[in-house]
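Basis for what follows: all heavy atoms, side chains included, without hydrogens, waters or symmetry-related copies. Read the numbers this way: they start at 1 and go in the same order the structure lists the ligands and their atoms.
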Amino acid sequence: MQSVAPSSTIGFKSIIRTTTPSYTATHRLALPKINIIQCLASPLDAANAHLSAAAPSVANGFTSGGIGKSRADWQSSCAILASKVESQQQNTDKSSGADKITVVNGVNGHSSLDLVPVNKLPKPLTIADLSPAPSHGSTLRVAYQGVPGAYSEAAAGKAYPNCDAIPCDQFEVAFQAVELWIADRAVLPVENSLGGSIHRNYDLLLRHRLHIVGEVQLPVHHCLLALPGVRKEYLNRVISHPQALAQCELTLTKLGLNVTREAVDDTAGAAEFVAANDLRDTAAIASARAAELYGLNILADGIQDDSSNVTRFVMLAREPIIPRTDIPFKTSIVFAHDKGTSVLFKVLSAFAFRNISLTKIESRPHRNRPIRLVGDENVGTAKHFEYLFYVDFEASMGDVRAQNALAEVQEFTSFLRVLGSYPMDMTPWSPSR
Ligand SMILES: O=C(O)C(=O)C[C@]1(C(=O)O)C=C[C@@H](O)C=C1
């Protein structure tokens, strides 16, 4: 896997402006990462806003159009969804076409062209600019949150071994990078065996229109990193991603460090920060690869509280994959119910009756309708919190049991969306070392 500057590989090359890397020349990489401003500044931003606005109706397409009774129904729901998204994007692309050519070529096309030197004249778009998909021969571009050396980059490499990994400064940007065709896939963490769920990504899965097309489970092996010559006694601060701090909580205490713990955006970013600012009182929790990339020493190795520390990542794409039944598949759904948690048992019994195992259940606040009032004047008013339930179950949408289970779930729920049906990660178990 290579890490690349997004601007070097994509069609519409000049749309993506890149930041100057903040680390110094002593650090071997100079890889800019995409940030939200860059995504929003793109002429395709309007397309994204359009897509977000379309969210409720698309979700309803799944709900009322039916997670049908058959595999064909489900596949056609996906196809309808995909074509809606594509046509909306095309419309928006058309409407902003003129501006795009101006921006692509980095020249203001509306100003007096005769003053532009010949070698700076706009170049015509080529088929390559319009065909960013890997099926056209280019390498798969995979967006992840963080900087090179982050575990998410390693997960992208595990999921797509020869991909171009594109660093993004926020999860939101990784979603947008795929929606705007800057990347072909995003690889995002959803849960860790010690730290629990990464709630932000559950919320974003619902807000965006991407499909889960796979999962990878990555053993996470943390190291305590500091500048060369720095010893543990010099430290008064440890910085890292909040998940990494949570995964090393007990070990940090056992190491006898008298330090404050501070959260930053990603583990490798913490290492980069220590190196770039020459911080001799601060250590970072990050990977051994981050130590190498940013020129830090490993003060302690394997500091996660449990050696079987695993983070589960999902792969996201613009299109769903065709569900298979000849290999183990998992399906992820999200639903809500007017009567909230009180009917959860009934909903889940649809899976139990069909011997379908659930592998994960997560609840998140129902932000459109956070409170449900129950009661009357005589007894008072109970205020129940409303939730969205995310469930992963061990069956493919190509399996008739799953189709029937979802048809039944649909009867009980006010909202239901299939986030994806995808192969389970069945790689042999290897602890993080
Ligand atoms: O900061 C990183 O290196 C990441 O890739 C993010 C992340 C996470 O969000 O959970 C990924 C894996 C580890 O669990 C720790 C951090």
**Complete:** Sequence neighbours excluded, the answer for side-chain hydrogen bond (donor to acceptor under 3.5 Å, both in side chains) partners of E233 is R231
**Request:** With sequence neighbours left out, write down each residue that passes side chain to side chain contact (heavy atoms under 4.5 Å, CB included) with Q217, or none if nothing qualifies.
**Result:** E215, V310, R312, D425
Protein N/O near ligand 1 N/O, under 3.5 Å, which pairs?
unit_1, atom_1, unit_2, atom_2, d
ligand 1, 1 (O), T267, N, 2.8
ligand 1, 1 (O), T267, OG1, 3.4
ligand 1, 3 (O), Y151, N, 2.9
ligand 1, 3 (O), T267, OG1, 2.4
ligand 1, 5 (O), Y151, N, 3.4
ligand 1, 5 (O), S152, N, 2.8
ligand 1, 5 (O), S152, OG, 2.6
ligand 1, 9 (O), H241, NE2, 3.2
ligand 1, 14 (O), Q247, NE2, 3.0
ligand 1, 14 (O), T311, OG1, 2.8

**Fill in**
All heavy atoms of M397 vs all of L406, minimum pair found to be SD-CD1, 3.6 Å
**Prompt:** Does the separation of the ring centres of F393 and F351 fall below 6.0 angstrom?
**Reply:** yes
**Prompt:** Which residues pass the side chain to side chain contact (heavy atoms under 4.5 Å, CB included) test with K254, sequence neighbours left out?
**Reply:** none
**Item:** Check against ring pair (Phe, Tyr, Trp, His ring centres under 6.0 Å), Y151 and H221
**Value:** CA-CA 9 Å; Y151 297 101; H221 184 90; 9.2 Å; no
